[in-house]
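Have a look at the structure below, then the notes.
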Amino acid sequence: MVVDKKKEHAPAQREMLNIRIALTSRNVEALEKVCRDIVNQSNQFIRKSISSRKGPIRLPTRHLAITTRKSPCGNGTNTYDHWQMRVHKRYFQIKTDVETVKRITSKLDIEAGVSIE
(Lines give C-alpha, C1' and ligand atoms only; values in the text may rest on other atoms or scores of the structure.)
Protein backbone atom coordinates (compact mmCIF):
# COMPACT_ATOMS: atom_id res chain seq x y z
CA MET A 1 0.00 0.00 0.00
CA VAL A 2 1.37 3.37 -1.02
CA VAL A 3 0.86 6.26 1.38
CA ASP A 4 0.92 9.79 -0.08
CA LYS A 5 2.66 12.30 2.08
CA LYS A 6 0.71 15.50 2.55
CA LYS A 7 2.38 18.33 0.75
CA GLU A 8 2.97 21.43 2.76
CA HIS A 9 0.89 24.24 1.39
CA ALA A 10 2.24 27.72 0.98
CA PRO A 11 0.70 30.36 3.24
CA ALA A 12 -2.79 31.24 2.06
CA GLN A 13 -2.76 34.24 -0.20
CA ARG A 14 -5.54 36.73 0.05
CA GLU A 15 -8.06 36.48 -2.72
CA MET A 16 -8.12 39.64 -4.85
CA LEU A 17 -11.64 40.78 -5.71
CA ASN A 18 -13.01 43.48 -8.00
CA ILE A 19 -15.25 45.53 -5.73
CA ARG A 20 -17.50 48.24 -7.15
CA ILE A 21 -18.84 51.05 -5.02
CA ALA A 22 -21.59 53.28 -6.43
CA LEU A 23 -22.44 56.56 -4.67
CA THR A 24 -25.69 58.42 -5.41
CA SER A 25 -26.89 61.79 -4.14
CA ARG A 26 -28.87 64.90 -5.01
CA ASN A 27 -26.28 67.08 -3.25
CA VAL A 28 -23.03 67.37 -5.24
CA GLU A 29 -20.95 68.85 -2.40
CA ALA A 30 -21.80 66.00 -0.01
CA LEU A 31 -21.12 63.45 -2.74
CA GLU A 32 -17.71 64.94 -3.54
CA LYS A 33 -16.78 65.00 0.17
CA VAL A 34 -17.51 61.28 0.51
CA CYS A 35 -15.51 60.62 -2.68
CA ARG A 36 -12.52 62.52 -1.25
CA ASP A 37 -12.77 60.50 1.96
CA ILE A 38 -12.78 57.21 0.01
CA VAL A 39 -9.77 58.33 -2.05
CA ASN A 40 -7.81 59.37 1.06
CA GLN A 41 -8.62 56.16 2.94
CA SER A 42 -7.88 53.92 -0.03
CA ASN A 43 -4.55 55.64 -0.71
CA GLN A 44 -3.35 54.76 2.78
CA PHE A 45 -4.12 51.05 2.41
CA ILE A 46 -3.38 50.56 -1.29
CA ARG A 47 0.22 51.77 -0.93
CA LYS A 48 0.85 49.03 1.63
CA SER A 49 -0.56 46.19 -0.47
CA ILE A 50 -0.80 45.03 -4.05
CA SER A 51 -4.10 46.68 -4.87
CA SER A 52 -5.50 49.19 -7.33
CA ARG A 53 -8.27 51.77 -7.39
CA LYS A 54 -10.07 53.45 -10.26
CA GLY A 55 -12.29 56.36 -9.53
CA PRO A 56 -14.18 58.40 -8.78
CA ILE A 57 -15.71 57.87 -12.20
CA ARG A 58 -18.40 60.47 -12.80
CA LEU A 59 -21.51 59.06 -14.41
CA PRO A 60 -24.00 61.27 -16.28
CA THR A 61 -26.34 63.34 -14.12
CA ARG A 62 -29.92 62.17 -14.27
CA HIS A 63 -32.49 64.97 -14.66
CA LEU A 64 -36.00 64.20 -13.45
CA ALA A 65 -38.43 66.93 -14.54
CA ILE A 66 -42.15 67.42 -13.85
CA THR A 67 -44.31 70.07 -15.50
CA THR A 68 -47.85 70.69 -14.21
CA ARG A 69 -50.60 73.28 -14.73
CA LYS A 70 -51.06 75.76 -11.91
CA SER A 71 -54.83 75.95 -12.32
CA PRO A 72 -56.52 72.98 -10.58
CA CYS A 73 -59.70 73.12 -12.68
CA GLY A 74 -58.10 73.71 -16.08
CA ASN A 75 -59.68 77.13 -16.61
CA GLY A 76 -57.80 80.40 -16.56
CA THR A 77 -54.50 81.30 -18.12
CA ASN A 78 -52.16 78.58 -19.25
CA THR A 79 -49.48 78.84 -16.54
CA TYR A 80 -47.25 75.97 -15.58
CA ASP A 81 -45.01 74.97 -12.68
CA HIS A 82 -41.70 73.26 -13.41
CA TRP A 83 -39.88 71.07 -10.89
CA GLN A 84 -36.57 69.37 -11.44
CA MET A 85 -34.47 66.93 -9.44
CA ARG A 86 -30.88 66.10 -10.36
CA VAL A 87 -29.35 62.82 -9.28
CA HIS A 88 -25.53 62.65 -9.35
CA LYS A 89 -23.59 59.37 -9.39
CA ARG A 90 -19.97 58.45 -8.72
CA TYR A 91 -18.42 55.04 -9.18
CA PHE A 92 -15.30 53.40 -7.71
CA GLN A 93 -13.66 50.16 -8.72
CA ILE A 94 -11.21 48.74 -6.18
CA LYS A 95 -9.21 45.59 -6.78
CA THR A 96 -8.17 44.30 -3.38
CA ASP A 97 -9.06 41.76 -0.69
CA VAL A 98 -12.14 41.95 1.51
CA GLU A 99 -10.25 42.93 4.66
CA THR A 100 -8.78 46.04 3.04
CA VAL A 101 -12.21 47.14 1.81
CA LYS A 102 -13.60 46.72 5.32
CA ARG A 103 -10.82 48.92 6.69
CA ILE A 104 -11.41 51.57 4.01
CA THR A 105 -15.18 51.75 4.46
CA SER A 106 -15.28 51.44 8.25
CA LYS A 107 -13.69 54.87 8.82
CA LEU A 108 -15.86 56.79 6.33
CA ASP A 109 -17.98 59.71 7.47
CA ILE A 110 -20.95 59.49 5.13
CA GLU A 111 -22.91 62.70 4.63
CA ALA A 112 -26.70 62.79 4.88
CA GLY A 113 -28.39 62.15 1.55
CA VAL A 114 -25.56 60.04 0.07
CA SER A 115 -26.43 56.42 -0.61
CA ILE A 116 -23.89 53.66 -1.19
CA GLU A 117 -24.53 50.54 -3.28
Side-chain angles (χ1 to χ4, degrees):
M1 183 183 268
V2 178
V3 177
D4 292 333
K5 294 183 180 179
K6 293 182 179 180
K7 296 180 182 177
E8 290 185 28
H9 296 286
Q13 293 181 355
R14 294 182 178 175
E15 184 180 353
M16 301 296 275
L17 301 172
N18 282 327
I19 298 170
R20 296 181 182 129
I21 301 172
L23 304 171
T24 306
S25 177
R26 291 182 292 163
N27 185 357
V28 181
E29 291 82 17
L31 185 65
E32 289 296 327
K33 183 184 179 301
V34 174
C35 287
R36 279 193 305 272
D37 291 344
I38 290 175
V39 169
N40 292 337
Q41 288 291 328
S42 64
N43 284 342
Q44 291 176 4
F45 293 107
I46 287 177
R47 287 182 190 149
K48 298 175 186 176
S49 64
I50 304 171
S51 302
S52 64
R53 174 187 47 84
K54 291 181 182 179
I57 300 168
R58 288 160 176 82
L59 298 176
T61 302
R62 190 168 181 196
H63 299 275
L64 305 172
I66 296 175
T67 304
T68 60
R69 288 241 354 226
K70 283 186 180 182
S71 175
C73 62
N75 296 331
T77 60
N78 294 336
T79 55
Y80 294 91
D81 278 331
H82 304 280
W83 287 284
Q84 183 176 1
M85 182 172 70
R86 295 179 182 181
V87 180
H88 305 276
K89 268 189 149 178
R90 303 293 185 264
Y91 178 78
F92 284 92
Q93 185 169 353
I94 301 173
K95 184 175 183 179
T96 186
D97 60 335
V98 176
E99 290 299 320
T100 305
V101 173
K102 285 181 184 177
R103 282 188 248 146
I104 290 171
T105 56
S106 66
K107 297 180 182 179
L108 288 179
D109 182 29
I110 300 172
E111 296 286 319
V114 177
S115 65
I116 297 179
E117 299 174 19

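Remember, predicted model here, so these are calculated numbers, not experimental data.
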### Task
Go through I19 and F92 one step at a time and tell me if the side-chain contact (heavy atoms from CB on, under 4.5 Å) criterion holds.
CA-CA 8 Å; I19 298 170; F92 284 92; over 6 Å; no
### Query
When rounded to the nearest 0.5 angstrom, what distance separates OG1 in T77 from CZ in R69?
7.5 Å
### Message
Quick check on the hydrophobic clustering: are L23 and L108 connected, directly or via other members, by side-chain heavy-atom contacts under 4.5 Å?
### Response
yes
### Query
Could you state the interatomic distance from CD (E117) to CD1 (I21), rounded to the nearest 0.5 Å?
11.5 Å
### Task
For side-chain contact (heavy atoms from CB on, under 4.5 Å), just list the numbers for V39 and R53, CA-CA rounded to whole Å, side-chain angles, deciding distance to a tenth of an Å, and then say yes or no.
CA-CA 9 Å; V39 169; R53 174 187 47 84; 3.7 Å; yes
### V114 with V28, same ILVMFWY side-chain cluster at under 4.5 Å
no
### Task
Answer yes or no: is there a donor N or O on one side and an acceptor on the other, between the side chain of R20 and the main chain of A22, under 3.5 Å?
no
#### Entry: S115 backbone acceptor or donor facing T24 side chain under 3.5 Å
no
### Query
Do the side chains of L31 and I116 join up, straight or via other hydrophobic residues, at under 4.5 Å, putting them in one cluster?
yes
### Query
To the nearest 0.5 Å, what is the distance between CD1 (I104) and CD (Q41)?
7.5 Å
### Task
Could you grab the distance from atom SG of C35 to atom CZ of R90, nearest 0.5 Å is fine?
6.0 Å
### Task
Measure the spacing between CG of L17 and CG of D97 and express it to the nearest 0.5 Å.
7.5 Å
### Message
Return the CD1 to CD1 distance between I110 and I38, rounded to the nearest 0.5 Å.
### Response
7.5 Å
#### Entry: NZ/K33: more than 12 non-hydrogen atoms of other groups inside 6.0 Å
yes
### Task
Taking atom CG of L64 as the centre, report whether more than 12 heavy atoms of other residues, nucleotides or ligands fall under 6.0 Å from it.
yes
### Task
Under the side-chain contact (heavy atoms from CB on, under 4.5 Å) rule, what do E32 and R58 come out as? Steps first, then yes or no, please.
CA-CA 10 Å; E32 289 296 327; R58 288 160 176 82; 3.2 Å; yes
#### Entry: R26, CZ: over 12 other non-hydrogen atoms inside 6.0 angstrom
no
